[in-house]
2 protein chains.
Amino acid sequence: MSARATTRPGGRSARVQQSVHQAVRDLEAEAGRDALTVPLIAARAGVTPSTVYRRWGDLRELLSDVAVERLRPDAPPDDRGSLRADLEAWTVQFAEEMSSTAGRMYIRDALLGDPEQGNAARCSDYAAEQLKAIGVRAAGRGEAVPDVETLLDVVVAPLMYRILFRPSDLSEAYAGRLVAAALGRTAPSPGM
Amino acid sequence: MSARATTRPGGRSARVQQSVHQAVRDLEAEAGRDALTVPLIAARAGVTPSTVYRRWGDLRELLSDVAVERLRPDAPPDDRGSLRADLEAWTVQFAEEMSSTAGRMYIRDALLGDPEQGNAARCSDYAAEQLKAIGVRAAGRGEAVPDVETLLDVVVAPLMYRILFRPSDLSEAYAGRLVAAALGRTAPSPGM
DNA sequence: CAGCCAGACGCTACTTTTTCGCGTTAGGCT
DNA sequence: AGCCTAACGCGAAAAAGTAGCGTCTGGCTG
């Protein structure tokens, strides 16, 4: 039941949501993730704690909402001229972002405070959208395009699994191997 | 820094840990996961809340420890006579257990309350051990054995990814497809 | 355009949880 | 057997979270 843009931008609800989200980001940067509490955030946002509790239920759900926003890709994937190059670039970047300390925190927060798993699903949708965009572009070039579901299984899932369950096991080479496995071993991309 | 068997069995610490863990399991069964609080658990376990806070830090870490225990496999994987059959049986069972409501809760708890990710790594180790056992058995039969790391990537990771990020997307057929992909498309197991 | 109405917020009092300091006890070790 | 450290119990204080009630915003109807 995480709260989201339920009213028009400009309304009071929207203002409250925005200032609370901003307060979370500010305090996280200033005091660190572990120092966050609902009363602290509420004070910074200029609202009363009860408002936060009513809207988000608890700190975890609020952090989950904020984390999902931060995980949203801000641009379509780079165009490197070929499916393989696009996929390799995207995968390496994705792996780097997600396996960073901050990235791992966001993923955990997003998964964590989210009984209905709506936020988790959104994270997956973000990745799927990016992969889809890469696929559409490749199809425009006349390339054979792997299924998005397959890419999620073969590229995204192993990365996430290692990030979540085996924090030490990650490297750029590994990301490259996943892409190679997804596309078949035929000729590794030039430039890599 | 999750607390674990730091002292010998029989010592006071061990008794406290055991009674607290048992209290968690009991209360979870009686009152449900959401009703759990530290004071409640402490009372049930016959210790003071401060003991729990000192030892586990907070409720999430305690639940994480308990969850990992429950995720530990209690028996080696079934022997069905061939690598493919063993792998299929194990995968289907694993998927069922992990995607159940209870299983998902345990996974989330285990991942969640664990800053250093030690418990998460242990979950992965459990799966790796089971796969390893299947592999050793297959090698004894003279079969070619896929790498455990590969199996984690191709079978376990996609299952976990879907369980965590896409709660609706799971079926037994999907589990079977993952195994087929891991072993190559050569002849699906009879009996399936 | 005025006025109504539902939803959201602020405030306050109250309950529960969490922290902290200090004295005590268990159990490992020489 | 006796010491020494780590862990526990207890109680007070601080912090977080809950609940009720009045107020206000802003969308909607007439």
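Note on naming: letters A, B, ... go to the chains in the order of the sequence lines (proteins, then strands), and numbering restarts at 1 for each one.
Checked for salt-bridge contact, B:Arg141 and B:Asp86 meet the test: a charged N lies under 4.0 Å from a carboxylate O. Note on B:Arg72 versus B:Glu129: no salt bridge recorded, every NZ/NE/NH1/NH2 to OD/OE distance being 4.0 Å or above. With respect to A:Asp65 and A:Arg55, no salt bridge is recorded, no charged nitrogen being found less than 4.0 Å from a carboxylate O.
Note on the helix from C:dC1-D:dG30 to C:dT30-D:dA1: terminal axis deviation equals 30°, with five pairs used at each end and the result rounded to 10°.
Checking side-chain atoms of A:Arg108 against main-chain N and O of B:Leu111 turns up a donor-acceptor pair under 3.5 Å.
Between the side chains of B:Ser64 and B:Asp114, not a single donor N or O lies within less than 3.5 Å of an accepting N or O.
The CH2 atom of B:Trp56 sits 12 Å away from the C1' atom of D:dA7 (whole-angstrom rounding).
Heavy-atom nearest nucleotides on DNA chain C were determined for B:Leu59 and for A:Thr48, and the one closer to the 5' end corresponds to A:Thr48.
Heavy atoms of other residues, nucleotides or ligands lying less than 6.0 angstrom from CD of B:Glu143 number more than 12. Atom CZ of A:Arg80 has 12 or fewer neighbouring heavy atoms from other residues, nucleotides or ligands inside a 6.0 Å radius. Within a 6.0 Å radius of CD in A:Gln22, more than 12 heavy atoms belonging to other residues, nucleotides or ligands are found.
Of the candidates B:Arg104, B:Arg33, B:Arg60, B:Asp109 forms a side-chain hydrogen bond (donor to acceptor under 3.5 Å, both in side chains) with just one, namely B:Arg33.
The shortest distance between the side-chain N/O atoms of A:Arg15 and the OP1/OP2 oxygens of D:dC24 is not below 4.0 Å. OP1 or OP2 of D:dA7 has not a single side-chain nitrogen or oxygen of B:Arg55 nearer than 4.0 Å. Side-chain N/O atoms of B:Thr51 include one lying less than 4.0 angstrom from OP1 or OP2 on D:dG9.
Using a 4.0 Å cut-off on heavy atoms, the residues of residues 34-46 of chain A that approach DNA chain C are A:Gly46, listed by number.
Under the 4.5 Å side-chain heavy-atom criterion for grouping Ile, Leu, Val, Met, Phe, Trp and Tyr, B:Met98 is not connected to A:Leu112 through any hydrophobic cluster. Taking hydrophobic clusters as Ile, Leu, Val, Met, Phe, Trp and Tyr residues chained together by side-chain heavy-atom distances below 4.5 Å, B:Leu63 does not share a cluster with B:Tyr126.
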Quick one, give me the B/S/- string for nucleotides 19-24 of chain C, reading 5' to 3', where B means a protein heavy atom under 4.0 Å from the base and S means that only happens at the primed atoms, P, OP1 or OP2. BBB---
